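Below, all heavy atoms of this structure are taken into account, side chains as well, without hydrogens, waters or symmetry copies. Note that the coordinates shown come from a computational prediction; the quantities given were computed from them, not determined experimentally. Atoms within each ligand, like the ligands themselves, are counted from 1 in listed order.
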Amino acid sequence: MKKCVWALALLLWMTGCATPAPNPSPSDDLRPARKAKNVILLIGDGMGLTQISAGLYSNNNKLELERFPVVGLHKSYAANSLITDSAAGATAFACGVKTYNGAIAVDTDTNSVRTILEEAEARGLATGLVATSTIVHATPASFIAHVKSRQMYEDIAAEFLQTEIDFFVGGGKKYFDRRETDDRNIYQELEAKGYVMSDYFQKDFDKVKIDATKNFGYLTADADPLPYRQGRKYLKPASEMAIEFLEEHDAADKGYFLMIEGAQIDWGGHANDSDYIITEMLDFNQVIGAVMDYAEKDGETLVIVTADHETGGYAINPGSRMGRIEAGFTSDYHTAAMIPVFAYGPGAELFAGIYENTAIHTKMRRALNFERNQ
Ligand code: MG
Ligand code: ZN
């Protein structure tokens with residue numbers, strides 16, 4: 001009996017102390033050879049090394065990620081758990097702080113921490129978010145809103161009025177215009193603020209015309225957008241439109257920050273559905289290809305591809321062959337495996353090595369030369 005109590009106490013102590021002080025990494029002090037004008041951060045939610053491998057072997061042994069010259073690994077854990085969620089994971093990238101699971105751009109004391117998107121906006125860069133989840137879901141939310149819990153979707157929607165984000169595409173229209181917590185219509189408030197707003201009720205995404213002199217928002221679904229295999233098609237065209245828009249919108253020629261999320265790789269992992277993972281992975285792969293085509297021509301854009309965490313404890317088991325994955329799963333939640341980081345363009349060299357997930361924030365700021373004039 002006593003032994004059980006001690007074992008329990010030890011277990012509680014261990015889970016409470018999941019986060020020792022981070023180790024310094026050799027890449028922490030690197031300076032970029034050349035400043036990046038633009039940063040495009042692509043987050044494949046739940047995209048661990050196995051998700052990438054399964055996409056590769058299901059796609060004739062080819063992935064756009066093979067075009068990246070620099071590969072690193074990040075440690076994905078959160079402040080209060082070795083197993084991060086997407087809120088703490090995205091907050092690490094957006095704000096450079098380890099926080100608790102569920103936190104949206106707030107620290108462990110629930111104080112707001114400025115995001116790289118907000119800082120980019122304040123410095124005169126153009127900004128954008130594109131996601132295949134709702135736009136108020138944890139990953140995109142952590143770049144624009146500050147709330148103590150990721151479930152506060154309507155509060156997150158209202159915070160789109162606080163930051164002058166220039167371009168956003170994602171689902172979740174009901175959190176803007178049919179709210180349960182108040183009678184506000186954030187969709188109309190954004191229009192009143194000068195946004196050109198549109199949604200899937202009015203027109204398909206491919207019929208939308210952009211006016212780069214205004215800000216732009218398009219809501220792709222009432223709640224969660226469909227999976228790719230059920231007909232969702234907008235991630236690639238929306239990402240290409242975002243780049244074109246931000247280039248034009250950036251009248252002062254200061255550059256832009258764009259985050260693009262392949263959100264549903266994670267949902268395939270939670271569902272322990274290998275086909276769902278692979279189809280989302282290959283949709284995301286096409287977007288990576290389009291972004292790389294642009295960045296290679298542009299020459300001033302730093303492209304980073306990573307994930308917040310792995311989902312599913314996904315494994316490619318014996319019996320698999322090229323084009324046919326025999327999948328195994330150890331969990332219907334996230335795991336703590338280190339996560340690959342792929343970088344291309346000015347400042348890409350900063351992303352080699354092994355480092356904390358929060359270092360991605362520091363490295364992006366350094367590449368953009370934000371550190372020089374604080
Ligand atoms: Mg996400
Ligand atoms: Zn998840």
Side-chain angles (χ1 to χ4, degrees), residues 40-52 74 76-78 80-95 99-105 115-117 128-145 147 149-153 156-157 168-172 175 219-221 223-228 232 234-235 238-239 258-274 276-281 283-284 287-288 304-314 329-337 339 341 357 360:
I40 303 177
L41 172 63
L42 293 121
I43 302 176
D45 199 313
M47 184 184 72
L49 194 51
T50 314
Q51 283 76 1
I52 293 169
H74 79 69
S76 65
Y77 65 89
N80 68 334
S81 172
L82 195 63
I83 316 295
T84 191
D85 81 334
S86 298
T91 297
F93 302 154
C95 307
T99 190
Y100 60 93
N101 284 343
I104 301 292
T115 76
I116 191 162
L117 186 147
L129 292 174
V130 177
T132 53
S133 59
T134 71
I135 199 68
V136 296
H137 209 257
T139 311
S142 297
F143 288 83
I144 191 160
V147 294
S149 164
R150 59 183 288 169
Q151 310 296 338
M152 297 162 71
Y153 295 126
I156 293 165
F168 65 92
V169 175
Y175 302 113
L219 294 165
T220 60
D224 292 333
L226 291 172
Y228 180 79
R232 187 197 72 236
Y234 71 80
L235 186 59
S239 302
L258 170 63
M259 194 285 293
I260 300 169
E261 188 200 10
Q264 298 195 27
I265 302 166
D266 175 64
W267 302 358
H270 285 289
N272 284 189
D273 183 335
S274 186
Y276 192 179
I277 293 171
I278 290 166
T279 49
E280 293 296 331
M281 183 67 220
D283 179 37
F284 194 51
V287 176
I288 295 166
I304 304 148
V305 185
T306 191
D308 42 4
H309 52 71
E310 194 278 340
T311 307
Y314 187 33
F329 294 90
T330 62
S331 173
D332 61 5
Y333 192 60
H334 310 155
T335 69
I339 295 297
V341 183
N357 56 357
I360 290 174

A.B. asks: Using 30° and 60° as the class boundaries, would you call the ring planes of Tyr153 and Tyr175 parallel, tilted or perpendicular?
C.D. replies: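 Geometry flag for Tyr175 against Tyr153: tilted rings.
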A.B. asks: Do Gln51 side-chain atoms and Gly46 backbone N/O form a donor-acceptor pair below 3.5 Å?
C.D. replies: yes
A.B. asks: In terms of ring plane angle, is the pair His309 and His334 parallel, tilted or perpendicular, where the classes change at 30° and 60°?
C.D. replies: parallel
A.B. asks: For the residue pair Thr335 and Glu310, confirm or rule out a side-chain donor-acceptor distance under 3.5 Å.
C.D. replies: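 Distance-only check passes for Thr335 and Glu310.
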A.B. asks: Using 2.8 Å as the threshold, say whether any N, O or S atom from Asp85 sits that close to the Zn ion (ligand 2).
C.D. replies: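 Short answer: no, not a single N, O or S atom is under the cut-off.
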A.B. asks: What protein N/O/S atoms are found closer than 2.8 Å to the Mg ion (ligand 1)?
C.D. replies: Asp45 OD2, Thr139 OG1, Glu261 OE2
A.B. asks: In Å and rounded to the nearest 0.5 Å, what is the CG to OH distance from Asp283 to Tyr234?
C.D. replies: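 Interatomic distance, Asp283 CG to Tyr234 OH, rounded to 0.5 Å: 9.5 Å.
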A.B. asks: Indicate if the distance from the Zn ion (ligand 2) to the nearest N, O or S atom of His270 falls below 2.8 Å.
C.D. replies: yes
A.B. asks: Where the Zn ion (ligand 2) is the corner point, what angle links OD1 of Asp266 with NE2 of His334, to 10°?
C.D. replies: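 It is 100°, given to the nearest 10°.
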A.B. asks: For Tyr228, does its backbone N or O pair with a side-chain atom of Glu280 as donor and acceptor, under 3.5 Å?
C.D. replies: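 Yes; judged by distance alone, with no hydrogens or angles, the pair exists.
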A.B. asks: Any chance you could measure Gln264, atom CD, to Asp45, atom CG, to the nearest 0.5 Å?
C.D. replies: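 Reported value, rounded in 0.5 Å steps: 10.0 Å.
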